[in-house]
Amino acid sequence: MDFRLYDSIKKEKLNFQPIIENEVSIYICGPTVYDDAHLGHARSALSFDLLKRVLIYLDYKVTLAKNFTDIDDKIINKLSSSDITLEELTNFYINRYLEDMEAIGVLRADIEPKATESMEAMESMINTLLSKGYAYKLDSGDIYFDSTKDTKYGSISNMVTDDSDNISRIESVDGKKNPKDFALWKACKDNEDICFQSTLPSGRPGWHIECSAMIDKHFSGTDDYCIDIHCGGADLLFPHHENEAAQTRCSLNKEIAKYWIHNGFVTIDGEKMSKSLGNSFFLKDALKIYDGELLRYYLISINYRNNFNFSEEDLINSKKRVDKLYRLKKRLYGVKIGKINRIFKETLLEAMCDDLNSSKAMAVVDDMISNTNEYLDKEPKNKALKQEAQANIEFICKLLGIGCKDSIEWFQQGVGSEEKDKIDRLINKRSEAKKSRDFELADSIREELNLMGIAIMDSADGTKWEKI
RNA sequence: GGCGGCAUAGCCAAGUGGCUAAGGCAGGAGCCUGCAAAGCUCUGAUCCCCGGUUCGAAUCCGGGUGCCGCCUCCA
């Protein structure tokens with residue numbers, strides 16, 4: 001099955017052809033770890049999690065790296081107002097990030113490089129750029145990349161304008177040759193700076209060099225490309241990815257990646273979620289209210305390239321949709337996993353192979369759910385059908401990361417054991433009332449449960465309940 | 001100012017030249033049910049506006065309008 005993905009540099013859907021047969025190398029620009037992950041981080045991680053899952057099902061040997069930027073001005077700023085060390089701070093947020101991502105079902109990366117553990121690789125790349133004349137050192141010790149020396153600079157973002165207004169918006173640095181030049185290395189300004197010692201002046205790396213160096217360190221690639229797919233948020237396209245590409249091209253004489261994919265933003269009230277706007281919705285806060293799998297479902301319900309306008313109302317509507325999957329799963333409770341429906345599997349995979357069309361994939365899932373329910377309405381005891389449906393749901397879980405939980409627990413989240421006992425007692429009481437045709441009492445018990453936030457539904461195998 | 005993206009039913013959202021424009025939520029009707037709920041069935045849009053290309057366009061081109069993003073750290 002062909003896998004097509006939209007390359008955001010070439011701006012077209014391409015048939016994926018790995019640089020090395022049967023293998024896929026993926027690099028994702030990960031977070032700068034100075035604060036908790038927000039929904040934007042979640043969406044980015046989820047988009048590329050789907051990418052990894054699909055490629056695994058296409059039988060590729062996937063190696064996915066996602067870095068942690070653990071040295072950066074923002075981290076240093078945060079450090080100045082506390083007593084902890086850089087490592088303590090960044091480890092704290094790395095762990096928080098990993099916990100949050102696990103809660104929404106993001107598979108761990110195969111490689112999780114940290115900038116501070118890649119200093120030699122950065123030093124080496126900067127020295128190469130200096131010796132080849134692509135970089136220059138200022139009196140301050142800062143080292144800059146000379147963007148005019150790279151003839152392909154601008155090929156990633158198409159941002160090679162030199163209008164005066166643009167120039168005025170870039171922080172002026174004495175000695176910087178061109179407005180688009182960027183720092184490869186920042187020398188220490190005073191004793192309070194966090195500095196790394198090497199053959200370079202005492203200092204710390206610029207942001208862009210990290211990714212180029214880490215990719216070179218962890219992937220061997222081919223003569224033409226370092227890796228297959230480079231991923232990141234759309235906001236990284238310029239200047240970050242342009243600069244990464246330039247550094248790699250000029251130091252290693254090859255392109256950093258064959259394909260580039262970028263996820264759209266999460267917006268709130270139509271505006272991009274960001275620290276500066278103060279409209280961040282932290283994942284950990286969302287997880288206090290909503291189940292991780294529900295957040296996952298909601299965030300992948302539209303295609304990864306679109307902007308995603310977050311709304312709690314839409315999230316709650318998504319819950320109703322996931323509930324349908326779990327009601328079917330509940331209907332199959334205790335049935336063994338059988339043989340998957342081949343057409344369903346292919347249709348679902350095919351949707352995902354079309355540039356990760358998760359929206360279409362969910363329509364395929366919905367179709368499977370209603371078909372299965374329809375057949376089960378007619379033949380409630382068809383065991384083979386139930387086993388097949390179990391297998392279908394198992395596949396949905398593996399490919400999309402949805403429907404993986406226990407169906408009873410899904411509907412009983414947040415209900416304590418004491419409350420469960422009470423619910424069971426009331427349901428028993430109601431069943432007896434029903435048996436003696438005392439519908440008035442039965443209905444009043446149902447109303448009582450309703451007020452407790454519990455919905456009940458009578459079925460052939462007894463009364464079931466759900467937390468509303 | 002430069003570069004880029006988006007505009008599809010009340011809402012969310014697929015769709016990248018061609019059968020009746022996916023799917024979900026909400027709404028309406030029905031089946032089922034003691035009544036409900038759940039489940040199932042049926043039910044809604046000519047795709048922001050104008051012009052063009054084409055036998056044929058939501059889909060391509062040109063011009064508008066509106067919204068968003070990048071150009072400074074950002075997933």
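The structure presented is a predicted model; accordingly, all values stated were derived computationally and were not measured. Here is how names work: the chains are called A, B, and so on, in the same order as the sequence lines, proteins then strands, and each is numbered from 1. Below, all heavy atoms of this structure are taken into account, side chains as well, without hydrogens, waters or symmetry copies.
- A:Lys324 comes within contact range of the sugar-phosphate backbone alone, with a heavy-atom separation under 4.0 Å but no base atom that close.
- At a threshold of 4.0 angstrom between heavy atoms, the contacts of A:Phe238 are confined to the sugar-phosphate backbone, with no base atom among them.
- Within the 4.0 angstrom heavy-atom criterion, only backbone atoms of the sugar-phosphate kind lie near A:Asn373; the bases stay farther away.
- Pairing for B:rG30 is with B:rC40, a Watson-Crick or G-U wobble pair whose two hydrogen-bonding atom distances lie under 3.5 Å.
- Rounded to whole angstrom, the span from the CG atom of A:Leu315 across to the P atom of B:rA13 amounts to 14 Å.
- Nucleic acid contact for A:Gly40: base, since at least one base atom lies under 4.0 Å from a heavy atom of the residue.
- Between A:Ile28 atom CD1 and B:rA75 atom P there is a gap of 13 Å when expressed in whole angstrom units.
- Using the six-membered ring where Trp is involved, A:Tyr57 and A:Phe395 have ring planes that are perpendicular, over 60° apart on the 30 and 60° scheme.
- Straight-line distance from the CE atom of A:Met457 to the C1' atom of B:rA38: 5 Å, rounded to whole Å.
- Between A:Asp355 and the options A:Arg4, A:Arg305, A:Lys13, a salt bridge (charged side-chain N to carboxylate O under 4.0 Å, His left out) holds for only A:Arg305.
- Between the P atoms of B:rG23 and B:rC31, the separation comes to 24 Å (whole Å).
- Ring planes of A:Trp260 and A:His262: parallel class, angle under 30° (limits at 30 and 60°).
- Taking the side chain of A:Asp443 as heavy atoms from C-beta on, and the options B:rG34, B:rA22, B:rA14, the nearest nucleotide is B:rG34.
- Phosphate contact (OP1/OP2 of B:rC70, side-chain N/O of A:Lys272, threshold under 4.0 Å): present.
- Sulfur atoms SG of A:Cys211 and A:Cys29 are positioned 2.5 Å or more apart.
- Counting any heavy atom pair closer than 4.0 Å across all strands shown, A:Val266 reaches a base atom.
- The nearest heavy atom of RNA chain B to A:Ile456 and to A:Lys11 marks one nucleotide each, and the one closer to the 5' end goes with A:Lys11.
- For the pair A:Lys320 and B:rA26, the criterion of a side-chain N or O lying under 4.0 Å from OP1 or OP2 is met.
- Comparing the same atom, C1', in B:rU59 and in B:rC48 gives a spacing of 15 Å after rounding to whole Å.
- Under the Watson-Crick and G-U wobble criteria, each requiring two contacts below 3.5 Å, nucleotide B:rC67 is paired to B:rG5.
- The nearest pair of heavy atoms linking A:Gly206 to A:Ile209 is O-CG2, 3.3 Å.
- No engagement by A:Ser311 is indicated, since no non-hydrogen atom pair under 4.0 Å with the nucleic acid exists.
- Of the candidates B:rA14, B:rG23, B:rA75, B:rA75 carries the atom nearest the A:Asn263 side chain, counting heavy atoms from C-beta on.
- The aromatic rings of A:Phe145 and A:Tyr153 sit tilted, their planes meeting at an angle between 30° and 60°.
- With no hydrogens or angles considered, no side-chain donor-acceptor pair links A:Ser212 and A:Glu244 at under 3.5 Å.
- Taking atom C1' in both B:rU33 and B:rA38, one finds a spacing of 11 Å when rounded to whole Å.
- Rounded to an integer number of Å, the gap from CZ of A:Arg437 to C1' of B:rU33 is 12 Å.
- Spacing of P atoms, B:rG18 relative to B:rG51, comes out at 23 Å, to the nearest Å.
- Note: NZ (A:Lys13) to C1' (B:rG15) measures 9 Å, nearest angstrom.
- Closest to the side chain of A:Asp314, from the set B:rA75, B:rC3, B:rC12, is B:rC12.
- Contact between the side-chain N/O atoms of A:Asn307 and the OP1/OP2 oxygens of B:rC6 is not found at any separation under 4.0 Å.
- Taking side-chain N and O atoms only, A:Lys319 has no distance below 4.0 Å to OP1 or OP2 of B:rG24.
- Distances shown here put a side-chain N or O of A:Asn357 below 4.0 Å from the OP1 or OP2 atom of B:rG15.
- Using a 4.0 Å heavy-atom distance criterion, A:Gly264 is classed as a base contact.
- Panel note: side chain A:Ser47, backbone A:Tyr304; no donor-acceptor pair is recorded below 3.5 Å.
- Nearest-nucleotide assignment on RNA chain B puts the 5′-proximal partner with A:Ser359, out of A:Asp377 and A:Ser359.
- Taking atom CZ of residue A:Phe48 and atom C1' of nucleotide B:rA75, one finds them 8 Å apart after rounding to whole Å.
- Under 4.0 angstrom from either OP1 or OP2 of B:rG39 there lies at least one side-chain N or O belonging to A:Arg327.
- B:rC60: Watson-Crick or G-U partner is B:rG52, with both key distances under 3.5 Å.
- Here A:Arg430 lies in heavy-atom contact (under 4.0 Å) with a base.
- Considering only side-chain atoms of A:His41, the nucleotide from B:rC73, B:rA75, B:rG4 that sits closest is B:rA75.
- Residue A:His38 is classed as a base contact, given a heavy-atom separation below 4.0 Å to a base.
- Counting atom types as modelled, A:Asp458 pairs a side-chain N or O with a base atom of B:rC35 as donor and acceptor under 3.5 Å.
- Regarding contacts with the backbone of B:rG15, a side-chain N or O of A:Asn303 is found under 4.0 angstrom from either OP1 or OP2.
- In this structure, A:Leu400 atom CG and B:rG24 atom P are separated by 16 Å, rounded to whole Å.
- Comparing the same atom, C1', in B:rA29 and in B:rG15 gives a spacing of 30 Å after rounding to whole Å.
- Summarising the geometry, the separation between CZ on A:Phe265 and C1' on B:rG4 is reported as 11 Å, rounded to the nearest angstrom.
- Taking only side-chain atoms of A:Glu374, from C-beta outward, the nucleotide of B:rA75, B:rC40, B:rG23 with the closest atom is B:rC40.
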